[in-house]
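For the numbers below, each heavy atom of this structure counts, side chains included, while hydrogens, waters and symmetry mates do not. The first residue of the sequence shown is numbered 1, and numbering continues consecutively from there. Since we're looking at a predicted model, the values are computed, not measured.
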Amino acid sequence: MTVSAKSKVCGILANPVEHSMSPVIQNFYAEQAGVDMVYIPLKTGEEGLEAAICGAYAMNFWGMNVTVPHKQRVMQYLAEVDPSAREIGAVNTLVRTKDGYKGYNTDALGLLRSIQEQDINLKGSKCILLGAGGAARAAAYVLVSQGAAQVYLLNRSADKAEEFAETVNESAGRQVIVPLPIADYGKIPAGSYLAIQTTSVGMHPDTDQIPVRDQDFYKQIHTGIDVIYTPMETRFMRQIRDLGGKAVNGLDMLVYQGVAAFELWFPHISLDAETISRARQSILHHLGGTAHE
Ligand code: ATR
């Protein structure tokens with residue numbers, strides 16, 4: 001790849017930024033698609049966020065990704081926020097417009113595509129959502145907007161689960177989210193569920209952790225999606241597979257959020273399946289040991 005004076009510049013604002021896979025993914029997409037773009041890590045603390053956004057715009061940055069800890073606070077510095085990102089309450093992708101950046105949430109798009117690849121139809125589905133943080137907000141948006149019938153939300157702190165359910169139910173106009181403290185998982189009615197795991201429980205290096213220990217809980221899950229991708233198979237996933245269910249890790253969500261961001265910056269391009277599959281391999285290569293446990 002050659003960087004020239006004509007190259008478009010994109011980057012990721014985060015702190016820490018060192019573990020981000022986005023530079024690997026986005027530079028790979030640019031190279032494969034023949035787009036003259038260079039994508040760089042931009043370590044920015046909370047105190048520097050506003051200056052970073054203004055500076056990036058002033059320096060003609062074409063597009064940005066924003067991640068921990070900026071996904072919520074960044075919204076106040078944008079010219080516009082896409083309605084679905086507004087509803088989720090978080091932005092991870094900025095697209096340059098003539099007045100400033102417009103914010104989108106491609107985490108939700110990535111998760112949706114990852115679910116669709118599993119041939120899961122969300123309309124009328126019964127779901128369990130574990131966690132009530134930022135990733136859970138994107139997941140809830142996907143489930144509710146795709147017509148899930150009921151979502152049981154399990155969270156360690158009950159207050160946060162209730163607050164979360166109230167906000168989402170109000171904007172959905174129906175009582176779709178039922179909040180429960182995680183210890184009350186036994187109150188979920190018997191049935192067959194899609195479960196999305198959005199907590200950090202089970203992530204490298206604490207790979208022996210699992211959000212619910214009781215095996216019976218996992219018997220009612222036909223498909224489990226864990227947003228974690230280090231390790232590639234979490235204990236949550238293994239438990240579901242051991243009982244005959246299907247389990248998917250967060251790698252595809254990561255890959256597809258990147259695809260969605262790239263296609264927002266370069267709308268004339270649609271990345272092909274071969275490129276996406278090679279990006280997945282490239283991430284695995286970079287993750288090295290932590291991915292294969
Ligand atoms: P993210 O933006 O990645 O979703 P977050 O906003 O910090 O991260 O949310 C983390 C989620 O994981 C929360 O739902 C948190 O539960 P609390 O609301 O009770 O804090 C959950 N979580 C983190 N560590 C956990 C643990 N050890 N056991 C259970 N839940 C945990």
Plane angle bin for Phe266 and His268 - parallel if under 30°, tilted between 30 and 60°, otherwise perpendicular: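 Answer is perpendicular, since the angle exceeds 60°.
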[atom1]-[atom2] distance between [X] and [Y], expressed to the nearest 0.5 angstrom:
X      : Y      : atom1 : atom2 : answer
His222 : Ser125 : NE2   : OG    : 7.0 Å
Ile88  : Arg137 : CD1   : CZ    : 8.5 Å
Arg156 : Thr199 : CZ    : OG1   : 8.5 Å
Glu46  : Leu49  : CD    : CG    : 8.0 Å
Leu122 : Ile115 : CG    : CD1   : 5.0 Å
Met253 : Ile196 : CE    : CD1   : 8.5 Å

side-chain hydrogen bond (donor to acceptor under 3.5 Å, both in side chains) evaluation trace for Asp82 with Ser84: CA-CA 6 Å; Asp82 172 69; Ser84 58; 2.5 Å; yes
Hey, is the main chain of [Y] close enough, under 3.5 Å, to the side chain of [X] for a donor-acceptor pair?
X      : Y      : result
Glu263 : Leu271 : yes
Arg96  : Phe61  : yes
Trp265 : Trp62  : no
Tyr218 : Val212 : yes
Thr198 : Leu130 : yes
Asp226 : Asn249 : no

Carboxylate-amine/guanidinium proximity below 4.0 Å for Lys43 and Glu18: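 Judged by the 4.0 Å cut-off on N to carboxylate O distance, Lys43 and Glu18 do form a salt bridge.
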